[in-house]
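Lettering follows sequence order; numbering is per chain, from 1.
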2 protein chains.
Amino acid sequence: MSPSNTNVRAKRLPEHDCATVRRVVDRIGDKWSLYLIGTLKDGPMRFNEIARNIEGISQRMLTLTLRGLERDGLVSRKVYPTKPPSVEYVLTDLGRTLLEPVNGLVLWAQKNTTQILQSQEKFDKKTAT
Amino acid sequence: MSPSNTNVRAKRLPEHDCATVRRVVDRIGDKWSLYLIGTLKDGPMRFNEIARNIEGISQRMLTLTLRGLERDGLVSRKVYPTKPPSVEYVLTDLGRTLLEPVNGLVLWAQKNTTQILQSQEKFDKKTAT
DNA sequence: CCCCTGCAAGGAGGCACTTTCATGTCACCA
DNA sequence: TGGTGACATGAAAGTGCCTCCTTGCAGGGG
């Protein structure tokens with residue numbers, strides 16, 4: 001698994017697999033994307049509704065993160081002809097399909113967080129000596 | 001879904017779920033962790049073997065990333081009493097269990113990369129107008 | 001003697017991400 | 001009239017990640 005695009009014969013995942021999954025992880029790995037996906041999974045929401053739901057996100061980051069999700073086709077944006085403007089965001093069909101693998105990570109995380117924290121504690125104790 | 005630790009009754013994932021999955025995504029979301037996990041899934045490897053397998057990674061980042069994976073209990077490290085030193089890294093049982101959800105992301109990515117790229121192209125064309 | 005090997009570590013610098021602050025437009029309300 | 005709301009945008013600043021370079025130790029080989 002190497003970020004290089006060259007094909008290398010080796011006992012490891014094909015490199016394009018890793019590059020491909022990296023793009024997904026880069027997408028959902030920024031600070032706010034998973035929060036947005038999780039918020040929108042319950043149905044359409046407007047910009048400030050989302051802002052109120054997600055504690056701590058700046059308006060700048062809400063705009064930018066929604067923009068990125070829309071660009072990737074995971075979220076769609078519908079502007080209503082109102083004043084002030086009213087914009088509705090909703091997970092697309094594609095965005096919905098991402099919920100299953102994301103849930104896989106959630107379940108794994110729930111199952112293993114305790115063990116990971118214990119491992120970190122043990123490791124830190126060992127290296128602090 | 002909010003990074004806050006407060007419990008909020010809302011039609012969305014429990015907040016600690018999101019904080020929990022964020023830790024996993026932070027773990028595997030750095031530049032090199034997935035490459036290392038993918039490389040080690042085939043069996044134990046030594047430090048410079050890994051370095052040669054993963055194109056582009058600096059020695060600094062290899063050390064730091066292995067350190068982080070070890071701290072989380074996903075990788076284990078065995079030092080052999082040789083000169084020069086010889087260290088073997090291997091995925092732990094816990095590390096192996098991460099392969100399934102990671103594969104879920106790989107499969108989703110393989111299935112949807114084309115659609116995402118098309119969506120990006122369409123979006124970029126629209127905003128360039 | 002010099003270079004290479006293995007496996008690190010520290011520090012400087014660059015880049016990207018995020019926050020903060022200010023700004024914009026228009027309608028509505030007290 | 002001024003403040004508020006909705007939904008943005010741009011710029012500056014701070015932070016963190018990563019690369020690059022150098023260093024360290026000991027053994028082996030040309």
Side-chain angles (χ1 to χ4, degrees), chain A residues 1-4 19 22-23 25-36 39-40 44-72 75-90 123 126-129, chain B residues 2-4 19 22-23 25-36 39-40 44-72 75-90 123 126-128:
Chain A
M1 230 177 212
S2 157
S4 162
R22 271 234 56 80
R23 278 197 283 272
V25 172
D26 283 342
R27 169 70 280 152
I28 65 173
D30 69 20
K31 188 169 175 177
W32 301 105
S33 288
L34 281 177
Y35 293 102
L36 284 170
T39 300
L40 290 175
M45 273 183 125
R46 304 239 288 258
F47 185 92
N48 271 2
E49 261 190 297
I50 300 172
R52 286 191 287 272
N53 256 272
I54 300 180
E55 211 172 310
I57 191 170
S58 65
Q59 192 169 337
R60 182 78 170 120
M61 286 319 303
L62 182 56
T63 299
L64 291 181
T65 310
L66 283 169
R67 176 72 48 76
L69 291 167
E70 185 194 356
R71 181 172 181 263
D72 288 349
V75 156
S76 71
R77 174 177 187 268
K78 181 177 181 182
V79 184
Y80 290 89
T82 58
K83 300 280 186 170
S86 175
V87 181
E88 185 183 79
Y89 292 93
V90 62
F123 182 92
K126 190 177 61 179
T127 55
T129 302
Chain B
S2 158
S4 161
R22 271 233 57 81
R23 279 198 281 273
V25 173
D26 283 341
R27 170 69 279 153
I28 65 173
D30 69 20
K31 187 168 175 177
W32 300 106
S33 287
L34 282 176
Y35 292 102
L36 283 170
T39 299
L40 291 174
M45 272 183 128
R46 304 240 285 254
F47 185 92
N48 273 0
E49 261 191 295
I50 300 171
R52 284 191 289 271
N53 254 271
I54 300 179
E55 210 170 313
I57 190 169
S58 65
Q59 193 170 330
R60 184 78 171 119
M61 286 319 302
L62 182 55
T63 298
L64 290 180
T65 310
L66 282 169
R67 175 74 47 77
L69 292 167
E70 184 194 357
R71 180 173 183 261
D72 288 350
V75 156
S76 73
R77 174 177 188 267
K78 181 177 180 181
V79 185
Y80 290 89
T82 56
K83 297 280 182 168
S86 177
V87 180
E88 183 184 81
Y89 292 92
V90 63
F123 182 92
K126 189 175 63 176
T127 56

Would you kindly give the [atom1]-to-[atom2] distance between [X] and [N], to the nearest whole Å?
{"X": "B:Arg77", "N": "C:dG6", "atom1": "CZ", "atom2": "P", "answer": "16 Å"}
{"X": "B:Met61", "N": "C:dA8", "atom1": "CE", "atom2": "C1'", "answer": "14 Å"}
{"X": "B:Glu70", "N": "C:dC7", "atom1": "CD", "atom2": "C1'", "answer": "13 Å"}
{"X": "B:Asp30", "N": "C:dC17", "atom1": "CG", "atom2": "P", "answer": "15 Å"}
{"X": "A:Lys83", "N": "C:dG24", "atom1": "NZ", "atom2": "C1'", "answer": "12 Å"}
{"X": "A:Asp26", "N": "C:dT18", "atom1": "CG", "atom2": "P", "answer": "11 Å"}
{"X": "A:Leu62", "N": "C:dC17", "atom1": "CG", "atom2": "P", "answer": "17 Å"}
{"X": "B:Gln59", "N": "C:dA9", "atom1": "CD", "atom2": "P", "answer": "10 Å"}

Heavy-atom nearest nucleotide on DNA chain C for A:Arg60 versus B:Glu88: which residue maps closer to 5'?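 Its nearest nucleotide lies further toward 5', so the answer is B:Glu88.
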Students should find this one: the first and last nucleotides of DNA chain D, 5' to 3', lying under 4.0 Å from a heavy atom of chain B. What are they?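 First and last nucleotides in contact are D:dC18 to D:dG27.
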A:Ser58 has a side chain; which of C:dT19, C:dC7, C:dG6 sits nearest to it?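 The answer is C:dT19, which lies nearest to the side chain.
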Would you classify B:Tyr89 as touching base, sugar-phosphate or nothing, given that sugar-phosphate means primed atoms plus P, OP1 and OP2, and contacts are heavy atoms under 4.0 Å?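 Since only primed, P, OP1 and OP2 atoms lie under 4.0 Å of B:Tyr89, the category is sugar-phosphate.
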Under 4.0 Å between any heavy atoms, over every strand shown, what does A:Ser86 touch: base, sugar-phosphate, or nothing? Just pick one.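 Sugar-phosphate only.
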B:Arg67: what forms a side chain to side chain donor-acceptor pair (under 3.5 Å) with it, not counting sequence neighbours?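 Side chain to side chain donor-acceptor pair (under 3.5 Å) list for B:Arg67, sorted by chain: empty.
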Find the distance between CD1 (B:Ile28) and CG (B:Leu36) and round it off to the nearest 0.5 Å.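 Result: 12.5 Å between the selected atoms.
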Roughly how far apart are B:Asp72 CG and B:Asp26 CG, rounded to 0.5 Å?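 If we round to the nearest 0.5 Å, B:Asp72:CG and B:Asp26:CG are 10.5 Å apart.
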Look at the side chain of B:Ser33 and the backbone N and O of B:Arg27, then say whether any donor-acceptor pair between them is shorter than 3.5 Å.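 Side chain of B:Ser33 to backbone of B:Arg27: a pair is present.
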Give a yes or no on whether the backbone of B:Ile50 and the side-chain of B:Thr39 come within a donor-acceptor separation of less than 3.5 Å.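 Pair absent, no side-chain N/O of B:Thr39 close to backbone of B:Ile50.
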Show the nearest heavy-atom pair for residues A:Val87 and A:Arg77, with the distance to one decimal.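 Between these two residues, the closest heavy atoms are CG1-CG, 3.5 Å.
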Just list the side-chain donor-acceptor pairs under 3.5 Å for residues 57-66 of chain B, sequence neighbours left out, or say none.
| unit_1 | atom_1 | unit_2 | atom_2 | d |
| --- | --- | --- | --- | --- |
| B:Ser58 | OG | B:Met61 | N | 3.2 |
| B:Thr63 | OG1 | B:Gln59 | O | 3.1 |
| B:Thr65 | OG1 | B:Met61 | O | 2.6 |

